[in-house]
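Beneath this line is the structure, given in structure tokens, with notes to follow.
For clarity, every value in this text was computed on a predicted model and none was experimentally measured.
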Amino acid sequence: MLSQVSSWRGDQYLDTGWVGPFFTLLLCVFILINIKRAGGAKDLFIRRIAGLNAIDEAVGRATEMGRPVLMVPGLSDSVNAIVVQALNIFSYVSRIAARFSNPILICCYSAPIFTVGQEVIRDVYNQEGLADKFDPDSVRYISDRQFAFAAGVSGLILREQAAATFFMGEFYAESLIFAETANSIGAIQIASSTEATQTPFFIAACDYVLIGDEFYAASAYLTRQPVLVGSLVGQDWCKLTVAFTIMIGLISNTVQLGPFKHTQLTEEKKDAKMKPLEKPRPASLNDTFMGNLFKKQSDPELKIERDMDPNFKPAEAPAEGGAG
Amino acid sequence: MSHENYLKLKLGIGVLATIGLYSVLFRENKFYRFFEHIFLGLASGWALVVLWTETLKEKWWDKVVGSAAINGDPATAGYWAYVLLIPIGLMGYFVFSKKHNWMSRIPIGIILGMWSGQQIQVWFNRYGPQMRDSMKPLLPTSTDSFFVPSTANLTDPAQIAQINAQVYPSEALTNVVYVFTLLCVLSYFLFSFEIKSKALKVMTTSGRWLLMIGFGAIFGSTVMMRFTLLIDRMYFVWIEFLKQGILGGS
Amino acid sequence: MGNFLLQAQPSLNFWNGENGSTGLWLKIGLALLAGIAMIFVLMQAPSQARRPIVMFVTFVSGLFYVLYYFWPRPVDRQPGELPRDFVETVSFYIDDAFGIVTDLSSVLSGLLLGLGIYSLLSVHLRRISRKQRDWGFSLVLLVSMFGMTGIGYWDWISRQGEAGIRLEDPNNWTRINYVKDMFFDGVLQNMDAAMFSIIAFYILSAAYRAFRVRSIEATILLVTALIVILSLMGAVEFLWNGAIDGITRNDANSFMNNLKLTEISKWLRDTVQGAAIRGIDFGVGIGALAMGLRIWLSLEKSGGKS
Amino acid sequence: MSLGEKLMSIPKWALYVVLILVASVPLFVPIKVPNQPIEPAIDLYGSLMNLPEGSTVLLASDWTKSTRGESNGSFDALVKILMRRNIKLAIYSSGDPQAPQVARDAIAVLNNEQRAKGLKTYDRWNDWVTVGFFPNAEACANAIANNVRTAFSGRTESTPEGTKRDVFQSPVLQKINKVSDFSLMVVITASKTSNITIERIYGKGVNLAMMVTGVMGPESLPYYSSGQIQGLGVGLKGVYDMEQLMETGITKEMNSSKWGVVPGFPGESNIGNGSRYYPTLHACLLLLIVAVVVGNIGTFLTRRKAK
């Protein structure tokens, strides 16, 4: 047996397991290369994103009416990139609001989000030289319980009579509660949910909606920061890579299944080894080159002898090592 | 008060709370405001409870101090290093300080860093299989019939397997639509290319339309759940509270 | 270090101490002091050193998962086995550390909750002290918050140890258990359900308002939604399909079968919706990956300065 | 105001009142709705019925009262099948601290039904255990995928003797060393935990199945069609499908080439939330359709007037 498989040959790289890490690495490289490439270049093209052009208009209208701009950076349990991204967009919004000295209200779902929100928004006011105008209570923690949060925010929307509302980030069921409440008082609404399942409701109830990926493109679009624009280009490369990989798969699979005449197999790959079949069977997508490439098989017979730890006492029920 | 009466009272209060929150549908009013604030209060209070009972106690405190042996389970040693999380957490509280607010970025940095690392870890686990599954054969492997012949009246498993393995023209066509949709949608989300070529323009526009089909379908299946929950609420109010609770029916 | 990561083994060492032993408490105390000292040191950090510190922390915490993913994982590892060489030593460490590290972020997030509560207090206490509009409601909020906290902990304490099993049967409940059950199960949970179910109303009004044959997009949305909704109505589905079976006289091979509502909606879901969502997901996933990279390597300038 | 404008501007409260009526009245008149189970549900039922007897199923139960309407039905259907086929069940939750208690209560209700009928009950510790709640779904799924023993280590469950003992001492988990020792892993969820679980546990050698709420359905379907999950029940329709399948089994008419014909449990108490709510759901959906149609007629009329 392969008992002396090198320790460098990690479990996740056995059979076709290497594809995953390799592919991930490739995407990361694409993104980083483009960030590097973007460097100073500021004039890189980004296609128009309707929702974002409406931001200034929305804030402007809020100022005319002298009513606050309300923002919700999604319902993530803790801070993650989605929250950061939402707050990046909101800091752009707050920047405009600050210049018009228009009140803002950011409703946070969890304490970590609240922490980052405070930090980021205060930053914005400082950069604009309006540190004294910043009201710490304009970034609020509402509740970390989904529907208490929903009740609280819709209460705020109605009482504060928000003129413009921004819902961006992770939204779930409550998305429609917010959207319809805001709609009922005639606020301009710009929304986006990374959850495809909620987008239709925003589409139904809001004025402008960023669909899926547009959310991540937003801050690049708004700020034209080379880093962001570069990474956006990189992301496009990644999407194309995915698309091409799929296309290659399409073609190779189509060929291997045998157009107009189904290929019959005489041997199949099982436990990471080719084994002959007693009677031929029609090939399936699991047997094709791509099929195997994207699905690692593990060899149960692969065993490795190691010396035992002298002072190790096994538990009464031996636990499997987590070599998963 | 007997347990039964208690349950009735509980139901009653539940119904009251429900009505209170529903009242916002009519307009924002004091009644709603009252229940809203109770809701927020209870929620935060409960958050403070579970913070210890569900998270910190087991994931942190028990690990710091360990545990003594209780019926059968051996004692576990305490690992003091965990206590270092307190000062790290405390740094977050500097966010309000004018001078040291940068320190709040340290605990946040740790949380964010972990999240980011995980993204790299999970990407392929999530999307690899989906890419694999999207590689559908575009040409039929059999032209015996346009549609998949029904296997309902077949008994021989081998025969059924044969039919299921085949790709019939209708399936091939479906696959073509599938792939077209996928690629159109992907192309719609290309941001950094100025779409000049006619073909790409067509793709992106149809991409947007196909998205709408997808969203329509989502809307449809979501509606089911939302209404179910309302129905369940109504069941609670009418059947559980009124019929079974008050009127004592079954 | 290995001893800390491999917490499974009961043996005592530098990293741990026996439950309740003075040694352990001493170590804990010292660690706490060291931590606080660390804070003071950081407070002195020169402003140009701050960003690098944060960058470093972020990088290291992200690095773990990256290593977990890329570093060769041990093949066929059995408990109690010793690593064969350096590579495996590291991979064993990572393997053992996994369970420990994954908990850290939730503990940290938990420790920050106080900030949220602080925010609540500052908003509502001010309102109460200044007798601003709705100060009464702020009072209600604070009272119910502290009330729930107190009740919650009291109930929890009463359920520690063997008592917990007895109290799983409501007949053994004491007053406090009832009070907690009333406020949590009776009020809070029901409010959750109420707020969740309120969406049904909004869906109706939103659909009524927005689902108009205005543009091509709106129409597409409307039509697909209707088809799926119909397919969810078993009765309609049954009649529709029944009618088709009538036409085909249950001929399983008739092409008409593809016009069955079940088939149409299934086709829509599997083919178009499935593909569309997948398309979105690929984009979003890559977006998240890119964002993750930028944050991990601190390439992101937060605050969106232009 | 012309008819068209009237139709276009029905006040919200009117719609709401009608909805309340429509969602309440049919609850009092039980009707049996004809129905055809869909493929994912059939596959779910099939895989449940083909589990080896006496094996253990791992259930991620991530629902609470707020989605009771749909999830409770799914949960009941699942437990009923496992109970009748005497398959053991280990329940954990990474969705909500309350979930384990909610699950225990739900099983208690089912057991009362059983007792009332004088049938065998589904007993804690011997037939099922609750491992408890794990904050941070990602971490939890990772840990389980990595090593169930360590993931669930130190978790206790109360025994019939009224003591608390390590879950791995129980008949349910005794033989479990790694996640692939479970005959099936089911996720009943109202949230994203389904995706999180798949991302991290798929490919660890355990079959996955899901019973999700209507919302999560579309998101979960790709996983079903890509074969990452064995079976899938979506929303109330899924529940109703399961309840019907329990009554009739997988019949020849359903021509499921994967399972062929699978028996059901005719005559047993298969009625659940599905059968209770499904007729009312019809009424509500109908109302929605009517509202949309009315709105569009209004638009149409006013447009024509404008011309």
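With a threshold of 4.5 angstrom between heavy atoms, C:Ser231 approaches chain D through N, CA, C or O but not through any side-chain atom. Interface remark: C:Phe211 contributes backbone and side-chain atoms alike to the contact with chain D (heavy atom separation under 4.5 Å). For C:Leu239, no part lies near chain D; criterion is any non-hydrogen pair under 4.5 Å. For D:Ile144, no part lies under 4.5 angstrom from a heavy atom of chain C. Heavy-atom distances place no part of D:Ser153 under 4.5 Å from chain C, backbone and side chain included. At a 4.5 Å heavy-atom cutoff, the contact between C:Ile229 and chain D is made by backbone and side-chain atoms alike. Proximity to chain D (any heavy atom under 4.5 Å) is restricted, for C:Arg269, to the side chain, taken from C-beta onward. Proximity to chain D involves both the backbone and the side chain of C:Phe201, based on heavy atoms less than 4.5 angstrom apart. Within the 4.5 angstrom heavy-atom criterion, atoms from both the backbone and the side chain of C:Leu204 approach chain D. Residue D:Leu288 touches chain C through both its backbone and its side chain, counting heavy-atom pairs closer than 4.5 Å. Neither the backbone nor the side chain of D:Phe134 has a heavy atom closer than 4.5 Å to any heavy atom of chain C.
Taking the six-membered ring for Trp and thresholds of 30 and 60 degrees, C:Phe64 and C:Phe98 have ring planes inclined between 30 and 60 degrees apart.
Here D:Leu301 contributes atom CG and D:Asn296 contributes atom CG; the two are 11.0 Å apart, rounded to the nearest 0.5 Å. The CE atom of C:Met233 lies 5.0 Å from the CD1 atom of D:Ile289; values are rounded to the nearest 0.5 Å. For the atom pair D:Thr248 OG1 and D:Leu245 CG, the distance stands at 5.5 Å (nearest 0.5 Å). Here NZ of D:Lys65 is found 13.0 Å from CG of D:Asp96. Values are rounded to the nearest 0.5 Å.
Under a 3.5 Å cut-off, the side chain of D:Arg68 and the backbone N or O of D:Trp63 do not form any donor-acceptor pair. A distance-only check finds a donor-acceptor pair linking the side chain of C:Glu81 to the backbone of C:Gln78 [under 3.5 Å]. A distance-only check finds no donor-acceptor pair linking the side chain of C:Tyr208 to the backbone of D:Leu15 [under 3.5 Å]. Judged by distance alone, with hydrogens and angles left aside, the side-chain atoms of D:Gln228 form no donor-acceptor pair with the main-chain N or O of D:Ile198 at under 3.5 Å.
Comparing C:Ile203, C:Asn190, C:Asp192, C:Val213 by heavy-atom pairs within less than 4.5 Å of chain D, the highest count is held by C:Val213. Chosen from C:Ala210, C:Gly234, C:Ser197, the residue pairing most often with chain D at heavy-atom distances under 4.5 Å is C:Gly234. Of the listed residues (C:Val236, C:Leu222, C:Asp185), the one with the most heavy-atom contacts under 4.5 Å to chain D is C:Asp185. Top candidate by heavy-atom pairs under 4.5 Å with chain D, chosen from C:Gly110, C:Ser109, C:Ala193, is C:Ala193. In terms of non-hydrogen atom pairs under 4.5 Å with chain C, the most contact-rich of D:Gly298, D:Ala291, D:Ala108 is D:Ala291. Most heavy-atom pairs under 4.5 Å with chain C, from the set D:Val33, D:Leu285, D:Leu287, D:Val293: that is D:Leu285.
Between the side chains of C:Gln189 and D:Ser66, not a single donor N or O lies within less than 3.5 Å of an accepting N or O. Using a 3.5 Å distance cut-off with no hydrogens or angles, the side chains of D:Gln98 and D:Thr64 do not pair a donor with an acceptor. For the residue pair D:Ser191/D:Asp62, the side-chain donor-acceptor check at 3.5 Å is not satisfied. With 3.5 Å as the limit, one finds no donor-acceptor pair spanning the side chains of D:Thr163 and D:Glu161.
Inspection of non-hydrogen atoms places D:Lys237 of residues 233-241 of chain D under 4.5 Å from chain C.
With sequence neighbours left out, C:Lys266 forms a side chain to side chain contact (heavy atoms under 4.5 Å, CB included) with C:Asp270, D:Glu39.
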